Protein chains: 2
Amino acid sequence: MSSNPINTKSRILDVTWNLLENGDKTVRMSDIAKAAGISRQALYLHFPNRAELLVATTRHIDVVKNVDARLERSRSATSGVERLHAFIEGWGGYIPQIHGMSVALRAMRSTDKEAAAAWNDRMKAVRHGCEAAVQAISQDGSLTRDLTEEAATDLLWTLLSVENWERLVRDCGWTQSAYEKTIKQTAEAALLSQS
Amino acid sequence: MSSNPINTKSRILDVTWNLLENGDKTVRMSDIAKAAGISRQALYLHFPNRAELLVATTRHIDVVKNVDARLERSRSATSGVERLHAFIEGWGGYIPQIHGMSVALRAMRSTDKEAAAAWNDRMKAVRHGCEAAVQAISQDGSLTRDLTEEAATDLLWTLLSVENWERLVRDCGWTQSAYEKTIKQTAEAALLSQS
DNA sequence: GTGTCAACTTTACACGGTGTCAAGCAAAGT
DNA sequence: ACTTTGCTTGACACCGTGTAAAGTTGACAC
């Protein structure tokens, strides 16, 4: 063979990730091909379309950055509040690394069903983490009486959205640590019964 | 004249608004033309491009729905908290009516500079309202010591984003009143010093 | 009633980006 | 020698936006 196919495939994923996170403009298939050092058509030999390339890239990032381990850490927390903090740190700290990816995937949602499904899947996983934190708080008896567990989960999930991170960190110029600190405070203020 | 040009122009705006709010799919220029009962090309006789049509439509909605009056009402509030409530009601209640518009405009941000500017302008206006509410709270001496006025404005602004409304009302199935109630509670919990 | 203007029509095409198709080529494996 | 694998080049269809040009129709002026 002229080159190792496995290397090419993962090189495409690396390059796609890199372009999405560091590229200023919109990333076209031809940009990715050029950066990977192959022809645009060769891209379609590895991935059937743009959506699947993006989805594969998210999975690739997850493996490299080990999201599972990141989010798993919050499970070892004893109290609900600790768990909340650990989850906000875990997910909130992951956002900057998938932000470019997230923008591209979200932009495809309107036209591509598969991209929408991929994004929803990832968000469902985050919601699941929120749910676990809320349940831990509830079991501590610290959940505010104003919210059901489901409503509290929805609210926390919304608070932790990539869009909110974008606005505070990228648009408003907050530092990552200011973001995490304030989101923790806000989440606590909104979810915990003041006692 | 074969028909009144002013009627045609405002008919286009009405129809665009209607399609954006009620149409399921992505709205193309040809969809708008068809709905307005004119040829696609005639659209370009009234608006130079898609971005300007969308921008004109937002202005049109503003006039019809009288946003200014809506948001102005919060100025008459006496206390900071009252002002916060009035603003959340005013803006939060406006979101559902411009939601479709917002989606379309935001989708163009990446490619069209003018669309991005138009959206940023509108968001700047909302931020200004947030700032006024925060200042009123601050003057009451009720602003939490954890946040500067600017950070509090950023946070409130983020809380009141169209994206958060989308998630809670559209994705999570909250009613408009549940949304408004919970956002008020959350904003109060996050911004006010607990005394 | 002839002429002009304005609103709009039809037809055609350029452009950018995605995705498809087909033929060819070069190196590695057997 | 021959096949397979991983690519290349080149061409093309599709879609949506935007442009260009020539033609139609009705209202109004004189």
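Order of the sequence lines sets the chain letters (A, B, ...), proteins ahead of strands, with each chain counted from 1. All values below were derived from every heavy atom in this structure, side-chain atoms included, with hydrogens, water molecules and symmetry-related copies excluded. These numbers were taken from a predicted model, which means no experiment stands behind them.
Taking only side-chain atoms of B:Arg40, from C-beta outward, the nucleotide of C:dT9, D:dT8, C:dA12 with the closest atom is C:dA12. Distance from the side chain of B:Met29 is smallest for D:dG18 among the nucleotides C:dT18, C:dC8, D:dG18. Of the candidates C:dC8, C:dC21, D:dG16, C:dC21 carries the atom nearest the A:Gln41 side chain, counting heavy atoms from C-beta on.
When the P atom of D:dT19 is taken as reference, atom CD of B:Glu52 falls 11 Å away, rounded to whole Å. In this structure, CG of B:Asp112 is placed 20 Å from P of C:dC15, rounded to the nearest angstrom. Here the C1' atom of nucleotide D:dC15 and the CE atom of A:Met108 are 14 Å apart, to the nearest Å. Note: CG (B:Leu53) to C1' (D:dG18) measures 13 Å, nearest angstrom. If you measure from atom CG of A:Leu43 to atom P of D:dC7, you get 11 Å, rounded to the nearest angstrom. Atom pair B:Tyr44:OH and C:dT9:C1' shows a separation of 16 Å (rounding to whole Å applied). The separation between B:Leu45 atom CG and D:dT19 atom P is 11 Å, rounded to whole Å. If you take CZ of A:Arg50 and P of C:dG16, they are 17 Å apart, rounded to a whole angstrom.
Of the possible donor and acceptor atoms, none in the side chain of A:Glu89 sits under 3.5 Å from a partner among the backbone N and O of A:Ser74. Looking at A:Asp31, its side chain does come within 3.5 Å of a backbone N or O of A:Arg28 through a donor-acceptor pair.
Under the 4.5 Å side-chain heavy-atom criterion for Ile, Leu, Val, Met, Phe, Trp and Tyr, A:Met123 and A:Val134 are members of the same hydrophobic cluster.
Looking at A:His99, A:Glu180, A:Gln176 one by one, the single match for side-chain hydrogen bond (donor to acceptor under 3.5 Å, both in side chains) with A:Trp165 turns out to be A:Gln176.
Neither OP1 nor OP2 of C:dA7 sits under 4.0 Å from any side-chain N or O of B:Thr8. B:His46 has no side-chain polar atom (N or O) that falls below the 4.0 Å cut-off from OP1 or OP2 of C:dA7.
Counting non-hydrogen atoms under 4.0 angstrom, A:Ile38 reaches the backbone sugars and phosphates but no base.
A 3.5 Å limit on both hydrogen-bonding distances identifies D:dG23 as the Watson-Crick or G-U partner of C:dC8.
The shortest distance between side-chain heavy atoms of B:Phe47 and B:Leu13 falls below 4.5 Å.
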